[in-house]
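What follows is one structure encoded as structure tokens, with my remarks underneath.
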There are 2 protein chains.
Amino acid sequence: MEIRIEDKLLIDARTLKTVREFAPSREVSERICDFMSALGDGTRLKILSALAISDMCVNDLSIGLGLNQTTVSHQLKNLRSVGLVKYRRQGKINFYSLRDKRVVTLLNLVTDLA
Amino acid sequence: MEIRIEDKLLIDARTLKTVREFAPSREVSERICDFMSALGDGTRLKILSALAISDMCVNDLSIGLGLNQTTVSHQLKNLRSVGLVKYRRQGKINFYSLRDKRVVTLLNLVTDLA
DNA sequence: CCATTATATTCGTGCACTTTTATATTCGTG
DNA sequence: CACGAATATAAAAGTGCACGAATATAATGG
């Protein structure tokens, strides 16, 4: 009679099943990771914190936060790609804002936990 | 008369002041970033999702999730260093668990947002 | 149409992080 | 004590990513 790999585990088969079912799917996991990674960077955190107060254009973010313009532009692109910010164009100026205000809630929760 | 850099901004001085005051301090920002980065990795997310179901030892995590033992060990160390998990030793076995169940709440919130 | 302002993009570089391979450590058992 | 199991650590290899310099694009004003 053969011995399955699961028989070597300390946890029971039922728990293992639950663990595997609870695990986020490949796509969901990837979305979550991208989302969290976006919040796991000092520069992006600064930008988000600023946008939590007020919509701002790239130049204001750059000068107001003391960051290079290209750096801000880069990170805004990243934040856009994971859907954290949006912008509206007005002439030659781009006004950026948070796409979902719940991000502020999230940031507060994390600040408590961290 | 001199022109200060702030005079070039579109946002008013008052808003700028608020933005700068709201910005998390260096240390807080770093803690948040570390914390979020820890959640921004597929392997660590798997481990945390598993621990959300049940305390588990390294070997069970390794086999149950299909990951190398050393990889699990490394990532558990990372998760420990940001205070996301803890463990209790029992003989030669280390049982890992979530340090704060609110992490599950956080994960659910993020899953909604992402 | 030229200059200027605001923003984006391309590209190169350096650094940090993940993973793996190999080895060490710790603990239980015969 | 010798051995095997469970875990950790060290070293090496591969990868990704943030940042900045230079350049491009787009819009406005003269």
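Residue numbers begin at 1 in each chain, while the letters A, B, ... track the order of the sequences. Just so you know, these numbers come straight off a predicted model, no measurement behind them. Any value given below was found using the heavy atoms of this structure, including those in side chains, with hydrogens, waters and symmetry copies removed.
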Tell me: [atom1] of [X] to [atom2] of [N], nearest whole Å?
X: Met56(A); N: dA6(C); atom1: CE; atom2: P; value: 14 Å
X: Ile93(A); N: dT7(C); atom1: CD1; atom2: P; value: 6 Å
X: Asp41(B); N: dC17(C); atom1: CG; atom2: P; value: 12 Å
X: Leu79(B); N: dC17(C); atom1: CG; atom2: P; value: 14 Å
X: Ile63(B); N: dA5(D); atom1: CD1; atom2: C1'; value: 12 Å
X: Asn59(B); N: dG4(D); atom1: CG; atom2: C1'; value: 13 Å
X: Leu67(A); N: dG20(D); atom1: CG; atom2: C1'; value: 12 Å
X: Arg88(A); N: dA6(C); atom1: CZ; atom2: P; value: 16 Å

Take a 6.0 Å sphere around CZ of Arg14(A) and say whether it holds more than 12 heavy atoms from other residues, nucleotides or ligands.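 For Arg14(A), atom CZ is not crowded (no more than 12 foreign heavy atoms under 6.0 Å).
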
As a test of understanding, state which of Asn108(A), Asp112(A), Leu106(A) forms a side chain to side chain contact (heavy atoms under 4.5 Å, CB included) with Val110(A).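 The side chain to side chain contact (heavy atoms under 4.5 Å, CB included) with Val110(A) is passed solely by Leu106(A) among Asn108(A), Asp112(A), Leu106(A).
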
Partner of Leu10(B) under side chain to side chain contact (heavy atoms under 4.5 Å, CB included), chosen from Asp55(A), Asn59(A), Asp60(A): Asp60(A)

Under 4.0 Å: is that the gap between some side-chain N or O of [X] and OP1 or OP2 of [N]?
X: Tyr87(A); N: dA8(C); answer: no
X: Gln90(B); N: dC27(C); answer: no
X: Thr43(A); N: dC19(D); answer: yes
X: Thr71(B); N: dT20(C); answer: yes
X: Arg44(B); N: dT18(C); answer: yes
X: Asn68(B); N: dT19(C); answer: no
X: Asn78(A); N: dA18(D); answer: yes
X: Asn94(B); N: dA8(D); answer: yes

Looking only at side-chain atoms of Lys77(A), point me to the closest of dT7(D), dA18(D), dT9(C).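 Nearest listed nucleotide: dT9(C).
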
Identify whether any heavy atom of Tyr96(A) sits under 4.0 Å from a base atom; if not, whether one sits that close to sugar-phosphate; answer base, sugar-phosphate or nothing. sugar-phosphate

With sugar-phosphate meaning primed atoms plus P, OP1 and OP2, does Gln75(A) contact a base, only sugar-phosphate, or nothing at under 4.0 Å between heavy atoms?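 Sugar-phosphate, no base atom in range.
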
Got a donor-acceptor pair under 3.5 Å from the side chain of His74(B) to the base of dT20(C)? yes

Taking N and O atoms by type only, does the side chain of Gln69(B) place a donor or acceptor under 3.5 Å from a partner on the base of dA8(D)?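 Between dA8(D) and Gln69(B), which were checked side chain against base, a qualifying N/O pair under 3.5 Å is present.
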
Counter-base of dG28(C), judged by Watson-Crick or G-U geometry with both distances under 3.5 Å: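 dC3(D) - that is the nucleotide pairing with dG28(C), both distances being under 3.5 Å.
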
Whom does dC15(C) pair with, Watson-Crick or G-U wobble, provided both distances fall under 3.5 Å?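 The answer is dG16(D), by the H-bond criterion.
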
On DNA chain D, does the nearest nucleotide to Gly42(A) precede the nearest nucleotide to Lys92(A) from the 5' side, or the other way round? Give the residue. Gly42(A)

Relative to the 5' end of DNA chain D, which residue comes earlier, Thr70(A) or Arg89(A), by the nucleotide with the nearest heavy atom?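 Checking each residue's closest nucleotide, the 5'-ward one belongs to Thr70(A).
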
Ignoring hydrogens, what is the shortest heavy-atom contact between Leu51(B) and Met56(B)? Give both atom names and the distance.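 Result for this residue pair: CD2-N, 3.8 Å.
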
Check whether the side chains of Arg80(A) and Tyr87(A) place a donor and an acceptor atom closer than 3.5 Å, and report yes or no.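 Side chains of Arg80(A) and Tyr87(A): no pair found under 3.5 Å.
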
Can you tell whether the side chains of Glu27(B) and Arg31(B) come within less than 4.0 Å, N to carboxylate O?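 Arg31(B) and Glu27(B): not salt-bridged.
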
